[in-house]
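Accompanying notes for the structure given below.
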Protein chains: 2
Amino acid sequence: MQHDQIRPPRGPADPQRRERIITATVDVLLAHGMEGLTHRAVAHRAGVPLGSTTYYFATLDELRHAALQRVVGAYTGYMHAWATELGQPTAVELAEAMTELVCLAIDDFTEHVIVDHELSVASMRQPRLKELACLYSSTTVAVLETLTTPVKARALAAAMDGLSLLGLTSPEPLPRAYVETVFRAILTPDAPNGPDAPHADADTEAP
Amino acid sequence: MQHDQIRPPRGPADPQRRERIITATVDVLLAHGMEGLTHRAVAHRAGVPLGSTTYYFATLDELRHAALQRVVGAYTGYMHAWATELGQPTAVELAEAMTELVCLAIDDFTEHVIVDHELSVASMRQPRLKELACLYSSTTVAVLETLTTPVKARALAAAMDGLSLLGLTSPEPLPRAYVETVFRAILTPDAPNGPDAPHADADTEAP
DNA sequence: CGGATATGTGTACCACAGTACAGATAAGCG
DNA sequence: CGCTTATCTGTACTGTGGTACACATATCCG
């Protein structure tokens, strides 16, 4: 406190250490979920001493929050890019794209989606997580609203969450046709499709 | 082992003790979630000594499983009764009934629904819970299939899960109109409703 | 009624994990 | 080059919680 120092008193030896800790935290979350997130697991993963994790983040809550922020950020970024690439799809195209999206999420981004759901559920009992969970859910609706009408966007968003939940819950993989019929039911009027008569391959029993 | 005893060697002093422990476990789950489920909390709640909880259930997993079974059972029972009472609704009636159902779930059965979601999410990392989580999700679809076409039933089920997730996640209560438009989007063809032009009051921003 | 056996419980052990903090280390300055 | 000060880390403390298990208690049979 001598010279009214304004700049940070000293630069840290490894300026990326904080970042690496967050990254490691995300990795631990993906691998073991909220339940498995511990200071020690993060420290091990990041290759830093245990003390570092509490040095850069006062409490485990803070650390978790920082990591979840990054996860949600990845989601919002991904979704915006996805929508941009889609342009102005027709109803059928959108149904197809959403099917692709959900199947990809379940198959290739399993851990990410699981963490997203864990965040949502955790936010139900921990108000401190509400904000992030809301950002997540509102992003979906906001992005879909650029592709269809507001009402359908809501329905699609809800269905998307429900389907990914189902896909990750059921032991067998969710049939692609199953997913697609749901989105078509929302996006295309009954008439063109036949009054709901299911496609031959779309009638697989719900797992 | 003297007389080849076949009947259970002796009746327990309090034959309802086991049941009371399960009930207490459910209560703890409702109040504090999976995270907060501990032997001690259950014992306290049930008014039994700590040892009892491990006496009747070898492990915490077992206890949790028994309690979740009861929660899911309550859900399936409720849903079947709900569908029975509905009879053969029109599309509009069904949309209304589902709106009522979701709003009621969020407002009056909050803790129950939260536990349901906790079960679903937990089952993603714990295969031992898959079976129960599946029973839960498949019940919804099965019940709805008695009220509408299979494809719409799936869409409704997915949307229902997504909406309750959203309702429990968002800080402000989910507007009733918001919920209803989603179900109407699935259940009623575009034409009669106007091509998706939202109702005046149904356009509340997503929370 | 007394002993044998099933039934139930209080206590203690152990592992895990969040966090505090005394010290170690390194950077700047005179 | 040594002192001061900020930066970092190893270790230890503490609370929590699952589970084991030695004892207590109750039932039944002879």
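Predicted, not measured: the structure shown is a model, and the values here were computed from it. Throughout, protein chains are lettered first and strands after them, A, B, ... in sequence-line order, and every chain is numbered starting at 1.
- No salt bridge links Glu145(B) with Arg154(B); every basic N to acidic carboxylate O contact stays at or beyond 4.0 Å.
- As rounded to whole Å, 16 Å separates atom P of dG17(D) from atom CZ of Arg45(B).
- Here dG17(D) is the nucleotide among dT9(C), dG18(C), dG17(D) with the atom lying nearest to any side-chain atom of Thr38(B).
- For Tyr55(B) and dA24(D), the OH to C1' distance is 13 Å, given to the nearest whole Å.
- Side-chain contact check for His32(A) and Thr38(A): no donor-acceptor pair (N or O, by modelled atom type) lies under 3.5 Å.
- Looking at His44(B), its side chain never comes within 3.5 Å of a backbone N or O of Arg40(B) through a donor-acceptor pair.
- As a whole-Å value, the separation of Leu50(A) CG from dA24(C) P is 19 Å.
- With rounding to whole Å, Arg40(B) atom CZ is found 13 Å from dA12(C) atom P.
- Taking atom CD of Glu35(A) as the reference point, atom P of dA17(C) lies 10 Å away to the nearest angstrom.
- If you take NE2 of His32(A) and P of dC16(C), they are 14 Å apart, rounded to a whole angstrom.
- Distance Leu63(A) CG to dA17(C) C1': 14 Å, rounded to the nearest Å.
- When the side-chain nitrogen and oxygen atoms of Thr59(A) are compared with OP1 and OP2 of dG18(C), none of them lie within a distance under 4.0 Å.
- OP1 or OP2 of dG18(D) has at least one side-chain nitrogen or oxygen of His39(B) nearer than 4.0 Å.
- Within 4.0 Å (heavy atoms only), Thr54(B) reaches at least one base atom of the nucleic acid.
- For the pair Tyr56(A) OH and dT9(D) P, the interatomic distance rounds to 6 Å; values are reported in whole Å.
- Here Glu118(B) pairs with Arg125(A) in a salt bridge; the nearest charged N to carboxylate O distance falls below 4.0 Å.
- Checking the phosphate oxygens (OP1, OP2) of dT9(D), a side-chain nitrogen or oxygen of Ser52(A) falls inside 4.0 Å.
- Checked by atom type, the side-chain pair Thr169(A)/Tyr136(B) shows no donor-acceptor distance below 3.5 Å.
- Taking 3.5 Å as the limit, the base of dG8(C) and the side chain of Arg17(B) contain no donor-acceptor pair of atoms between them.
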